[in-house]
Amino acid sequence: MPVADGGALRPTRLTQAAGFFAFMLGFSPIFSIAVADMAVGCFFLTWIAQLIVREDRFTPRRTSLDVALLVYFAVWIVTAFLG
């Protein structure tokens, strides 16, 4: 659960850490695959820690870009199989 701070809700430290590692997962492959791999590991560790302590959980939300990415990957997979 987010922590109440004078009427305003603020995310917990684990939620902030998971958000940071999710950002690094998308940002760091440009510079280093090793950093991206570390970000994946740290993201999963913080996610597991959130599940253990029952804090607010990371829930992916659908965006308008998801359909375009799904179509792109579907076409990519079909063309890979067709050769």
Side-chain angles (χ1 to χ4, degrees):
M1 292 280 175
V3 178
D5 184 18
L9 295 177
R10 61 181 173 87
T12 61
R13 289 181 190 252
L14 279 176
T15 304
Q16 290 174 339
F20 172 75
F21 291 127
F23 169 76
M24 288 304 294
L25 175 61
F27 181 74
S28 61
I30 300 168
F31 304 108
S32 172
I33 296 298
V35 175
D37 289 341
M38 289 175 43
V40 168
C42 292
F43 174 77
F44 284 134
L45 288 176
T46 56
W47 194 12
I48 290 170
Q50 285 179 341
L51 291 174
I52 290 171
V53 297
R54 299 274 188 215
E55 288 188 7
D56 55 330
R57 298 175 181 167
F58 175 74
T59 53
R61 294 186 178 99
R62 179 170 289 176
T63 64
S64 59
L65 185 62
D66 292 340
V67 175
L69 287 174
L70 179 63
V71 169
Y72 172 77
F73 285 123
V75 169
W76 181 62
I77 290 170
V78 168
T79 56
F81 281 121
L82 295 178

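Starting from 1, each residue takes its place in the sequence as its number.
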Inset, instruction - Determine which pairs satisfy side chain to side chain donor-acceptor pair (under 3.5 Å) with at least one residue from residues 64-83, sequence neighbours left out, and list them in order. - result: T63-D66

Side-chain donor-acceptor pairs under 3.5 Å in residues 32-39, sequence neighbours left out?
from: S32; atom 1: OG; to: A34; atom 2: N; distance (Å): 3.3
from: S32; atom 1: OG; to: V35; atom 2: N; distance (Å): 3.3

Inset, instruction - If you link ILVMFWY side chains whenever their heavy atoms are less than 4.5 Å apart, which other residues fall into the same cluster as V78? By chain and number, please. - result: L82

Inset, instruction - List, by chain and then residue number, the residues other than L45 in its hydrophobic cluster (Ile/Leu/Val/Met/Phe/Trp/Tyr, side-chain heavy atoms under 4.5 Å); write none if there are no others. - result: none

Legend entry - Counterpart residues, side-chain contact (heavy atoms from CB on, under 4.5 Å), relative to F23 (two or more places apart): F27

Legend entry - Contacts of type ring pair (Phe, Tyr, Trp, His ring centres under 6.0 Å), residue F20, not counting sequence neighbours: none

Legend entry - T46 and F21: CA distance, side-chain angles, deciding distance, side chain to side chain contact (heavy atoms under 4.5 Å, CB included) verdict: CA-CA 9 Å; T46 56; F21 291 127; 3.9 Å; yes

Legend entry - Value rounded to 0.5 Å, distance of CD1 in I48 from CZ in F43: 10.5 Å

